[in-house]
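Take a look at the structure below.
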Protein chains: 2
Amino acid sequence: MTKTARKSPEEKLLLAARRLFCRAGIHATGITRILEEAGVARGSLYMHYGSKENLLKAVLDTEANMWFHWFDQDLPALKCSSQERILALFDLLEKWFAKEDFFGCIFVNAVAEHEKDSGWVRDMAGTYRDQIIDRLKALVVESGARDPDVVIQKLGLIIEGAIITAMVTQSSQAAHIARLAAEDVLRCTECSPSLGKEST
Amino acid sequence: MTKTARKSPEEKLLLAARRLFCRAGIHATGITRILEEAGVARGSLYMHYGSKENLLKAVLDTEANMWFHWFDQDLPALKCSSQERILALFDLLEKWFAKEDFFGCIFVNAVAEHEKDSGWVRDMAGTYRDQIIDRLKALVVESGARDPDVVIQKLGLIIEGAIITAMVTQSSQAAHIARLAAEDVLRCTECSPSLGKEST
DNA sequence: CAGAAACTAGACCGATCAGTCTAGTTTCAT
DNA sequence: ATGAAACTAGACTGATCGGTCTAGTTTCTG
């Protein structure tokens with residue numbers, strides 16, 4: 001169980017930063033605390049990342065890659081229908097939430113603590129979000145849903161709700177509820193030709 | 001349109017703090033910036049609130065009261081079924097999201113930027129969350145849903161998802177999607193005697 | 001009108017922050 | 001074995017933070 005043993009200072013910094021940024025907040029986490037948690041010298045941080053901001057960017061990249069891995073590797077490996085693959089995403093979420101060091105999504109946290117009107121955090125989060133939504137879209141379209149765009153938006157909303165609920169309640173239960181809600185959405189979409197039309 | 005005219009320094013501080021905490025983040029917002037935005041002297045802040053922390057608490061109180069007002073005043077005033085009242089909540093959310101100074105939910109933001117394991121922010125957010133869920137529960141039970149607890153959790157998740165999506169996308173569209181998803185959940189709950197039972 | 005309370009403007013303080021720099025140590029390729 | 005690069009430990013800097021304090025002005029109340 002030597003968790004941070006045999007890792008390069010670069011990797012130890014990345015892991016410590018991810019954990020602390022999520023657990024205590026980005027602004028509330030000082031460089032010094034990251035260095036202590038990582039067991040790495042001050043100079044190494046600035047040699048590898050140059051600034052706290054760049055370190056945060058690296059953490060965001062890492063988290064995005066987790067999502068990409070889910071969509072590009074884990075889900076396609078399943079031998080099941082594309083609809084079941086969509087639902088399997090919530091099982092991946094459940095595993096994520098259940099990790100002892102899960103303290104919310106760094107993207108949500110980063111957006112929450114930074115300027116909402118503009119800025120690189122917002123841009124970066126938006127770009128990665130779009131890339132994730134695209135992958136979700138491929139799954140939904142493949143499943144032959146009646147109104148893919150609406151389904152995607154509903155599912156995206158449920159996923160984000162699950163993340164926040166899991167962060168607030170500190171329980172992986174949210175993923176299970178989210179899966180049930182997603183099942184409702186998918187069932188309604190394939191069963192009802194036209195829903196109510198309160199246009200406004 | 002004199003927005004901050006004829007208001008007491010206390011109220012001007014509260015409004016400025018709420019806006020800035022949501023728009024730029026709590027830690028990223030300095031006392032001085034709040035004072036500038038509010039047009040109020042430094043001493044007045046400490047006379048009325050004593051600390052930045054207490055000011056944040058007051059902002060959280062205000063936001064909680066908005067939710068209580070929705071559940072205790074606005075929704076009961078509607079002459080419609082309790083199920084339609086549940087859905088009307090999403091119309092209130094839509095109005096909220098559409099405000100020019102909507103930049104996310106201060107509760108979510110506050111939890112996101114503070115220690116997740118403990119602390120007064122977490123406690124306060126949890127307490128208010130429970131009180132809001134209780135009100136939602138009353139509505140759901142009144143609507144005669146088959147499995148109220150699950151429905152409540154699904155709806156809570158959808159509501160939180162809507163808030164985050166609205167924050168990230170800066171669009172009130174999320175409320176509309178959330179309403180559609182909520183309709184799916186309610187429809188499935190009342191139509192299907194027993195859903196799939198993947199009990200984990 | 002008079003006194004108290006609320007309020008303003010801004011100087012000021014100690015703490016802490018991100019980031020720099022120096023000096024010495026370890027690691028590693030050749 | 002040796003030199004370069006990576007790394008450590010920690011002192012240091014300038015800026016900024018939350019919060020205090022003083023002095024003078026406005027507003028409210030009786």
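Every chain is numbered from 1 and lettered A, B, ... according to where its sequence line falls, protein lines coming before strand lines. Scope of the values below: all heavy atoms of this structure, side chains included, with no hydrogens, waters or symmetry mates.
- Distance A:Leu45 CG to C:dT20 P: 11 Å, rounded to the nearest Å.
- Side-chain to base pairing of B:Arg42 with D:dG19: one donor and one acceptor N or O lie within less than 3.5 Å of each other.
- Among the nucleotides D:dC7, D:dG10, D:dT8, the one closest to any side-chain atom of A:Ala41 is D:dT8.
- Among the candidates A:Lys12, A:Arg23, A:Arg18, the single residue satisfying the salt bridge (Lys or Arg N to Asp or Glu O under 4.0 Å) test with A:Glu37 is A:Arg23.
- In this model, the phosphate group of C:dT8 is approached by a side-chain N or O of B:Ser44 to a distance below 4.0 Å at OP1 or OP2.
- A cation-pi contact, defined as under 6.0 Å to the ring centre and within 45° of the axis, links A:Arg135 to A:Phe68.
- As judged by a 4.0 angstrom heavy-atom cut-off over every strand, B:Ser8 is placed among residues making no nucleic acid contact.
- Proximity note for B:Val40 (side chain, C-beta onward) versus C:dA18, D:dC7, C:dT8: the nearest is C:dT8.
- Note: NZ (B:Lys12) to C1' (C:dC7) measures 10 Å, nearest angstrom.
- Straight-line distance from the CD atom of A:Glu36 to the P atom of C:dT16: 13 Å, rounded to whole Å.
- The aromatic rings of B:Trp96 and B:Phe102 stand perpendicular to each other, their planes meeting at an angle above 60°, with 30° marking the opposite boundary.
- The side chain of B:Pro9 lies closest to C:dT8 when the candidates are C:dT8, D:dG18, C:dG19.
- One atom, CZ of A:Arg33, and another, P of C:dT16, lie 14 Å apart when rounded to the nearest Å.
- Applying the 4.0 Å criterion to OP1 and OP2 of C:dA6, one finds that B:His48 has every side-chain N and O outside that range.
- Separating the CG atom of B:Leu56 from the P atom of D:dG19 is a distance of 11 Å, rounded to the nearest angstrom.
- Comparing B:Met47 and A:Ala28 by the nucleotide of DNA chain C that holds the closest heavy atom to each, the one mapping nearer the 5' end is B:Met47.
- One finds no side-chain N or O of B:Ser51 lying less than 4.0 angstrom from the OP1 or OP2 phosphate oxygen of D:dG18.
- In summary, B:Asp184 and B:Arg187 engage in a salt bridge, as defined by a charged side-chain N under 4.0 Å from a carboxylate O.
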